[in-house]
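Heads up: the structure comes next, in structure tokens.
Numbers here are sequence positions counted from 1.
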Amino acid sequence: MLSQKTESLKVSTTEIKEWLISYLADLLEIEPEQINVETTFARYGLDSSVAVVLTGDLADWLGKELELRVVWDYPTIADLAQHLSK
């Protein structure tokens with residue numbers, strides 16, 4: 001089931017960054033303050049299987065479909081959040 005968010009409800013770059021920071025911090029079992037939005041997902045150890053799950057969870061949260069390769073096309077939290085908030 002999709003989240004309460006809909007495509008007509010614009011999500012800000014900051015909200016997306018916060019979601020991604022929280023997601024990665026939970027995944028990596030570290031404090032959110034340790035996440036740098038300019039560090040690549042690959043540097044955090046995300047492989048293709050984790051990227052697919054992240055993309056699916058993010059798509060559910062945003063309430064829209066995302067290309068599976070979006071994490072590779074926009075390889076940092078900052079880049080991805082900027083792209084998705086457009």
Side-chain angles (χ1 to χ4, degrees):
M1 176 176 223
L2 293 179
S3 71
Q4 297 294 328
K5 297 192 181 294
T6 64
E7 287 189 58
S8 61
L9 180 61
K10 187 154 174 62
V11 180
S12 74
T13 302
T14 300
E15 290 171 309
I16 296 169
K17 282 182 187 177
E18 289 172 357
W19 187 93
L20 287 165
I21 289 168
S22 177
Y23 190 95
L24 279 182
D26 286 346
L27 179 70
L28 301 172
E29 298 179 352
I30 61 175
E31 293 299 317
E33 296 78 24
Q34 295 178 270
I35 302 290
N36 182 332
V37 299
E38 298 295 337
T39 299
T40 64
F41 294 112
R43 181 95 174 171
Y44 282 115
L46 269 68
D47 60 16
S48 58
S49 62
V50 174
V52 167
V53 174
L54 182 151
T55 302
D57 290 344
L58 181 57
D60 287 346
W61 180 72
L62 291 170
K64 64 180 179 180
E65 289 188 35
L66 298 176
E67 293 289 326
L68 289 179
R69 59 176 291 115
V70 73
V71 172
W72 305 122
D73 291 342
Y74 301 93
T76 68
I77 289 173
D79 292 340
L80 183 57
Q82 182 66 35
H83 168 71
L84 295 174
S85 66
K86 291 180 182 179

Less than 4.5 Å apart, side chain to side chain, heavy atoms only: is that true for L84 and V11? no
Any side-chain heavy-atom pair from D79 and P75 closer than 4.5 angstrom? yes
When you measure from the side chain of T55 to the backbone N and O of A51, does any donor-acceptor pair fall under 3.5 Å? yes
Hey, is the main chain of S12 close enough, under 3.5 Å, to the side chain of E15 for a donor-acceptor pair? yes
If I compare all heavy atoms of [X] with all of [Y], which pair ends up nearest, and what's the gap?
{"X": "L54", "Y": "W19", "answer": "O-CH2, 4.3 Å"}
{"X": "L80", "Y": "F41", "answer": "CD2-CZ, 3.9 Å"}
{"X": "N36", "Y": "E38", "answer": "OD1-N, 2.7 Å"}
{"X": "A25", "Y": "E31", "answer": "CB-C, 4.1 Å"}
{"X": "Q34", "Y": "Y44", "answer": "O-OH, 3.7 Å"}
{"X": "Y23", "Y": "D57", "answer": "OH-OD2, 2.8 Å"}

Decide whether W72 and V52 are clustered together by the hydrophobic rule: side chain heavy atoms of Ile, Leu, Val, Met, Phe, Trp, Tyr closer than 4.5 Å, transitively. no
For residues L68 and L27: do they belong to one hydrophobic cluster (side chain heavy atoms under 4.5 Å, members Ile, Leu, Val, Met, Phe, Trp, Tyr)? no
Distance from [X] atom [atom1] to [Y] atom [atom2], nearest 0.5 Å?
{"X": "Q82", "Y": "T76", "atom1": "CD", "atom2": "OG1", "answer": "10.0 Å"}
{"X": "K64", "Y": "L66", "atom1": "NZ", "atom2": "CG", "answer": "6.5 Å"}
{"X": "I77", "Y": "L20", "atom1": "CD1", "atom2": "CG", "answer": "5.5 Å"}

When T39, V50, I30, L46 are each screened for side-chain contact (heavy atoms from CB on, under 4.5 Å) with L24, the one that passes is L46
